*Asks:* 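Input: one structure, supplied below.
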Amino acid sequence: MPTAIFASFESGIIYAIMALGVYLSFRILDFPDLTVDGSFVTGAAVAATMIVSGYNPVTATLTAIVIGFAAGCITGLLHTFGKINALLSGILMMIALYSINLRIMGRSNVPLLNQDTAFTGVESVWAPLGIDTALNKLWMAVGLGEPLPGTWSILFIMVIITLAIKFLTDAFLKTEVGLALRATGDNQRMIRSFSANTNLMIILGLGISNGMVALSGALIAQYSRFADVGMGIGMIIIGLASVIIGEALFGTKTIARTTLAVIGGAIIYRLVVSMALRVEFLETGDMKLITAVIVILALIMPKVMDRYKDKKRKAQRMAERMNKVSLTERKGDDGAAIKSNS
């Protein structure tokens with residue numbers, strides 16, 4: 001059980017990068033971008049194919065980001081200059097990317113079992129430091145028991161990378177371009193009145209969003225040691241689940257808090273799925289059903305809680321009014337009693 005939780009943290013922090021990309025398109029731009037299901041696989045396909053071909057894993061990962069950025073920009077072009085509906089433009093690009101991904105990989109699955117990845121490079125630097133031994137001793141001391149995590153290096157490096165992307169996203173959204181991007185998502189007519197190019201903002205926002213998604217796909221491929229043409233199915237739902245869960249649990253008062261909430265939502269989502277799969281009557285094939293149920297609950301529960309709070313507030317106001325009325329009546333009765341006595 002503790003090992004499953006550890007693995008959920010590891011994968012959750014990688015998927016958090018994808019969730020940040022979904023947050024940019026769905027929340028900041030208010031654009032229902034279904035390109036995510038395709039660009040996630042594109043990132044994995046590009047990275048895996050390049051690594052197998054002998055390229056450096058870092059170079060392969062950076063190339064995956066560029067290709068993902070390009071895919072997002074094409075979706076933006078279809079919507080802005082092609083005047084295609086936002087939802088339909090994402091679907092069209094997702095369908096096109098399926099064939100493109102097959103072309104990139106040359107087959108439906110590319111294994112990385114005997115290949116050096118970005119994570120193996122980190123592990124080779126990490127191993128001589130002796131940090132794993134110290135952390136595993138702490139793991140045992142806390143009483144989590146065996147089996148112990150093989151290495152803490154992946155979790156450590158991914159926390160750094162994900163937080164770096166989070167802080168860069170926060171900083172970008174506070175710049176002039178970032179503010180224009182946010183304004184485009186809020187009110188396109190208003191931002192056009194200030195002579196801003198909303199078409200360019202949409203293209204740029206979708207490019208950055210899918211670049212993040214492709215980076216997540218590239219890292220997941222290296223973490224799982226394979227890239228598969230079907231690994232992106234339902235990825236947009238996972239991203240939305242992470243965003244919705246994070247916002248519901250941690251709030252959205254500021255951009256910095258919201259992006260941190262999205263990361264937390266991605267980790268919690270993986271933990272919930274991991275726990276759900278340990279239930280006896282559920283199987284691995286039920287993962288999509290579990291995801292759907294999690295999203296439904298994440299969407300419904302905040303509304304149920306709001307209704308409960310509103311009902312409680314109304315009851316409290318009614319009680320206060322009744323108290324005021326009763327006090328007024330008492331004062332009136334006391335006044336009448338004093339007059340009758342006098």
Side-chain angles (χ1 to χ4, degrees), residues 4 7-8 10-19 21-22 34-72 74 90-123 150-151 154 158 210-239 266 269-270 273-274 277 282-292:
S8 298
E10 274 189 338
S11 58
I13 203 73
I14 302 174
Y15 279 110
I17 300 172
M18 180 270 296
V22 172
L34 298 185
T35 313
V36 170
D37 280 16
S39 59
F40 184 86
V41 183
T42 301
V46 170
T49 304
M50 289 185 69
I51 289 170
V52 168
S53 300
Y55 286 88
N56 183 282
V58 176
T59 304
T61 304
L62 293 175
T63 305
I65 297 172
V66 173
I67 301 299
F69 179 85
I74 293 171
I91 292 171
L92 289 170
M93 194 60 204
M94 176 185 67
I95 294 169
L97 283 173
Y98 183 87
S99 296
I100 292 168
N101 294 334
L102 276 174
R103 285 276 185 175
I104 292 170
M105 292 192 289
R107 45 186 167 163
S108 61
N109 187 288
V110 177
L112 296 171
L113 296 175
N114 299 317
Q115 303 292 329
D116 288 333
T117 65
F119 294 125
T120 55
V122 171
E123 287 172 15
T151 179
I154 296 174
M158 282 313 308
N210 284 281
M212 287 185 181
V213 172
L215 170 59
S216 180
L219 292 172
I220 285 292
Q222 294 175 70
Y223 175 75
S224 304
R225 290 192 167 274
F226 75 93
D228 188 88
V229 74
M231 67 191 297
I233 296 173
M235 202 53 60
I236 187 63
I237 301 299
I238 294 173
Y269 167 80
R270 299 308 304 181
V273 170
S274 177
L277 289 174
L282 291 176
E283 300 175 1
T284 307
D286 298 325
M287 192 166 180
K288 300 302 178 186
L289 175 62
I290 295 166
T291 300

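Predicted, not measured: the structure shown is a model, and the values here were computed from it. We count residues from 1, following the sequence as given.
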*Asks:* So among V52, V46, T49, which one has a side chain to side chain contact (heavy atoms under 4.5 Å, CB included) with M105?
*Replies:*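 When V52, V46, T49 are each tested with M105, the side chain to side chain contact (heavy atoms under 4.5 Å, CB included) holds only for T49.
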*Asks:* Looking at R270 and I13, would you say the former's side chain and the latter's main chain have a donor-acceptor pair under 3.5 Å?
*Replies:*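 Side chain of R270 to backbone of I13: no pair is present.
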*Asks:* How far apart are the closest heavy atoms of A45 and N101, and which atoms are they?
*Replies:*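 In terms of heavy atoms, the two residues are closest at CB-O, 4.3 Å.
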*Asks:* What are the two closest non-hydrogen atoms of I51 and A60, and how far apart are they?
*Replies:*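 Looking at all heavy atoms of both residues, the closest pair is CG1-CB, 3.9 Å.
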*Asks:* Which heavy atom of A266 sits nearest a heavy atom of G12, and at what distance?
*Replies:*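 Distance-wise, the nearest heavy atoms are CB-O, 3.7 Å.
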*Asks:* CZ/F40 to CD1/I17 distance, rounded to the nearest 0.5 angstrom?
*Replies:*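 CD1 of I17 is found 10.0 Å from CZ of F40.
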*Asks:* Rounded to the nearest 0.5 Å, how far apart are CG of L219 and CE of M158?
*Replies:*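 Separation between the atoms: 5.0 Å.
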*Asks:* Inspect the surroundings of OH in Y223 and state if more than 12 heavy atoms from other residues, nucleotides or ligands are less than 6.0 Å away.
*Replies:*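 Buried by this count: over 12 neighbours within 6.0 Å.
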*Asks:* With heavy-atom distances below 4.5 Å as the criterion, would you say the side chains of Q115 and T120 are in contact?
*Replies:*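 Q115 vs T120: side chains apart.
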*Asks:* In this structure, which one of V41, I220, D37 forms a side chain to side chain contact (heavy atoms under 4.5 Å, CB included) with M235?
*Replies:*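 Single pass found, and it is D37.
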*Asks:* How far apart are the closest heavy atoms of G43 and A64, and which atoms are they?
*Replies:*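 It is O-CB, 3.5 Å.
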*Asks:* Could you tell me whether the side chain of Q222 and the main chain of A118 form a donor-acceptor pair under 3.5 Å?
*Replies:*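 Yes, the answer is positive, given that a donor and an acceptor are paired below the 3.5 Å cut-off.
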*Asks:* Is there a side-chain contact between I236 and M94 in this structure, where contact means two heavy atoms from C-beta onward sitting under 4.5 Å apart?
*Replies:*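 No - every pair of side-chain heavy atoms lies 4.5 Å or more apart.
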*Asks:* To check you understand the geometry: which heavy-atom pair defines the closest contact between A221 and A227, and what is its length?
*Replies:*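 For A221 versus A227, the nearest heavy atoms are CB-CB, 4.3 Å.
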